[in-house]
Amino acid sequence: MAAVAPQHICYLCTRKFTDAAALKTHEQYSQLHQQNLDRQDGVIRQHKEEVISSVNRLRQQLHDAVSSSNPVTSSRAGAIETQLRQQIGEFSQAQEAIEYRRAGSDPAKQIRNAQAGTFRATRHEMRCGRLHFEVGAACWQGGKEMNEDRFVLDIELLSSDGLSVPGIMVLDGHSGSRCVDHLVERLPAVLQARVASKPLLSDDFLREAVVEACAMVDEEFLTWARQQEAMDGSTLLLALIYETASQPGKTRLLVANVGDSRGILCRATAPDSSGPQGLQVFRLSEDHKPNREDERQRIEALGGTVDLHGVWRVICPEQVVFGGRTIARWGLAVSRAFGDLLLKEPYKYGCTKVLPGQLVSAEPELRLVELDPSLDRFVVLACDGIWDVLQDQDAGAVCAGQCGVELAAHCLVKHAFAAGSMDNLTAVVLTWCVCG
């Protein structure tokens with residue numbers, strides 16, 4: 001059978017082109033194409049607003065039906081709940097179309113951009129010892145004006161004794177994207193330098209390298225922020241995979257957390273007489289929230305304040321002068337982050353009640369686990385926009401039901417949006433198999 005020549009079609013404009021270059025030129029410069037994109041955006045956004053109104057109306061009807069003492073009214077609750085689920089599904093589908101448009105109009109264009117090196121890949125493969133790893137990612141801007149989330153799937157470190165250390169990370173910027181972009185650009189290189197400076201790869205030396213790299217990259221950004229009076233900050237969730245020369249065949253996962261992104265490990269439970277195989281979920285990190293007891297004690301020992309303003313925040317206890325303006329009460333909803341100069345050095349900006357030290361710290365909290373390929377199934381790293389609306393077990397169940405890492409990450413993000421998260425949404429899913 002003869003091979004079928006590839007079709008170069010703009011389905012939005014219903015036009016066919018002779019080659020890929022002509023199609024790309026049309027997508028970039030055609031006024032008709034831009035008009036059709038704008039028209040499509042308008043239709044999608046209008047539909048999304050209509051669905052939001054319908055969802056709110058059905059939620060009120062469901063509340064009234066459940067609360068009613070009238071048996072006829074209360075019997076309608078099941079039907080209303082079914083309609084509500086359908087409308088929420090339509091709501092997330094409309095947002096999905098908007099996210100495709102933001103990322104490159106359609107899935108086919110995303111693939112072309114990835115091949116051309118102009119779009120961050122959402123899938124990557126790597127090897128460590130006898131395990132082959134696949135990792136997939138999804139990132140939605142969601143309900144925010146800007147997307148300050150980032151992810152990196154292709155960290156490749158090399159130790160001084162020649163061992164490979166692949167890694168991934170999820171980052172969640174705030175107050176701007178300059179800090180999070182600095183981390184994406186600089187942290188892998190600084191990590192490589194610190195790992196290579198150690199005499200060999202070991203648990204302790206890798207921990208040291210991660211802590212040193214975080215401190216160095218944070219100080220790099222703070223040096224720039226002092227000059228520019230920039231308030232940008234970012235969280236970090238980093239996972240490094242490795243084996244040591246002294247224990248080959250034992251694959252370890254080191255997770256470093258700064259902030260409120262979260263990692264979970266999903267492990268299969270062995271089937272027994274009571275039922276089939278299930279799924280257990282274990283946390284690989286603990287959120288750095290200001291009201292966490294140890295974080296509160298550290299902040300208050302320096303003279304900072306932890307208070308509830310919508311959410312728990314670490315707050316400068318008096319006004320500060322920063323960037324030419326007076327700020328009465330500056331706060332942040334995480335207790336550890338990169339950047340955030342004003343909360344690292346408030347005493348330099350008029351806050352005399354705080355002792356020298358950092359109300360918000362960039363010191364990572366580390367957790368080390370040894371992977372058991374016979375039971376451990378996958379790892380999820382995700383930003384707080386996911387965990388604000390989903391429990392750990394729910395996130396694990398959403399991912400477990402999918403047939404690939406990219407689809408699992410995408411479904412998790414879509415599920416979180418449908419559950420009501422209006423934050424930026426990023427999820428990375430890592431799985432593995434034993435090589436032959």
Side-chain angles (χ1 to χ4, degrees), residues 148 171-187 190 194 207-208 210-238 256-261 285-366 384:
E148 295 170 335
L171 310 101
D172 184 353
H174 49 262
S175 303
S177 60
R178 291 171 294 188
C179 183
V180 69
D181 287 337
H182 181 80
L183 287 172
V184 169
E185 179 183 355
R186 289 289 298 147
L187 186 58
V190 177
R194 299 318 304 156
R207 285 190 182 100
E208 288 178 9
V210 170
V211 172
E212 291 166 2
C214 287
M216 292 173 68
V217 174
D218 189 42
E219 184 53 38
E220 283 180 2
F221 182 78
L222 290 176
T223 298
W224 178 86
R226 293 183 191 105
Q227 298 170 351
Q228 303 296 322
E229 291 197 309
M231 304 173 75
D232 306 47
S234 178
T235 68
L236 166 73
L237 188 59
L238 169 72
N257 181 44
V258 179
D260 58 358
S261 294
S285 65
E286 293 298 330
D287 306 347
H288 291 134
K289 299 292 190 182
N291 62 320
R292 206 178 95 172
E293 188 56 34
D294 55 344
E295 294 293 287
R296 179 195 288 270
Q297 290 176 4
R298 177 183 61 78
I299 293 163
E300 293 179 343
L302 292 170
T305 301
V306 175
D307 205 352
L308 185 62
H309 288 263
V311 295
W312 288 100
R313 299 179 185 273
V314 50
I315 298 173
C316 292
E318 57 185 332
Q319 72 177 24
V320 293
V321 179
F322 191 83
R325 61 193 178 104
T326 300
I327 304 173
R329 284 172 68 84
W330 182 251
L332 186 68
V334 292
S335 55
R336 298 197 196 189
F338 291 83
D340 290 301
L341 175 62
L342 191 51
L343 290 166
K344 293 279 174 67
E345 302 172 349
Y347 47 88
K348 293 185 179 180
Y349 300 93
C351 186
T352 59
K353 295 181 180 179
V354 175
L355 300 172
Q358 299 182 339
L359 297 182
V360 170
S361 168
E363 180 179 352
E365 191 168 23
L366 306 176
D384 66 317

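- Checking side-chain atoms of Glu318 against main-chain N and O of Lys353 turns up a donor-acceptor pair under 3.5 Å.
- Here the CD atom belonging to Glu345 is positioned 6.0 Å from the CG atom belonging to Leu222, to the nearest 0.5 angstrom.
- A cation-pi arrangement is absent between Arg178 and Trp224, since the terminal nitrogen or guanidinium carbon is not both under 6.0 Å from the aromatic centre and inside a 45° cone about the axis.
- Summarising the geometry of Leu342 relative to Cys316, their closest heavy-atom pair is O-SG, 4.2 Å, with the distance given to 0.1 Å.
- Note: Arg313 CZ to Trp330 CH2 = 9.0 Å, rounded to the nearest 0.5 Å.
- Considering only heavy atoms from C-beta on, Leu341 comes within 4.5 Å of Phe322 through its side chain.
- In this structure, CG in Asp340 is found 3.5 Å from NE2 in His174, a value given to the nearest 0.5 Å.
- Nearest heavy atom pair, residue Ser335 against residue Arg298, reads O-NH2, 3.0 Å.
- Going from atom OG of Ser361 over to atom NZ of Lys344 covers 7.0 Å, rounded to the nearest 0.5 Å.
- Taking all atoms of both residues into account, the shortest heavy-atom contact from Leu332 to Pro290 is O-CG, 3.9 Å.
- The existence of a salt bridge linking Arg292 and Glu286 is excluded, since no basic side-chain nitrogen approaches an acidic carboxylate oxygen closer than 4.0 Å.
- For the atom pair CD of Glu148 and OG of Ser175, the computed distance is 7.5 Å after rounding to the nearest 0.5 Å.
- The shortest non-hydrogen separation linking Leu236 to Cys214 is CD2-SG, 4.1 Å.
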field: Residue pair Leu183, Val217: steps toward the side chain to side chain contact (heavy atoms under 4.5 Å, CB included) verdict
entry: CA-CA 7 Å; Leu183 287 172; Val217 174; 3.5 Å; yes
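- A salt bridge between Arg226 and Glu219 is present, with a side-chain N of the basic residue lying under 4.0 Å from a carboxylate O of the acidic one.
- No donor-acceptor pair closer than 3.5 Å links the side chain of Asp172 to the backbone N or O of Ser234.
- For the side-chain hydrogen bond (donor to acceptor under 3.5 Å, both in side chains) test with Arg336, the passing option among Glu363, Gln358, Glu365, Glu295 is Glu295; the others fail.
- Taking the six-membered ring where tryptophan is involved, the planes of His182 and Phe221 are tilted, since the angle between them lies from 30° to 60°.
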task: Output, in order, the C-alpha distance, side-chain angles, deciding distance and verdict of side chain to side chain contact (heavy atoms under 4.5 Å, CB included) for Thr326 and Val321.
output: CA-CA 4 Å; Thr326 300; Val321 179; 4.0 Å; yes
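- The shortest distance between side-chain heavy atoms of Val211 and Leu366 falls below 4.5 Å.
- Looking at every heavy atom in both residues, Ala301 comes nearest to Leu355 through O-CD1, 3.7 Å.
- Here the CG atom belonging to Leu343 is positioned 11.5 Å from the CG atom belonging to Leu302, to the nearest 0.5 angstrom.
- A pairwise comparison of heavy atoms in Ser285 and Asn257 identifies CB-CB, 3.8 Å as the closest pair.
- Put simply, the side chain of Arg296 does not reach to within 4.5 Å of the side chain of Ile299, judged on heavy atoms.
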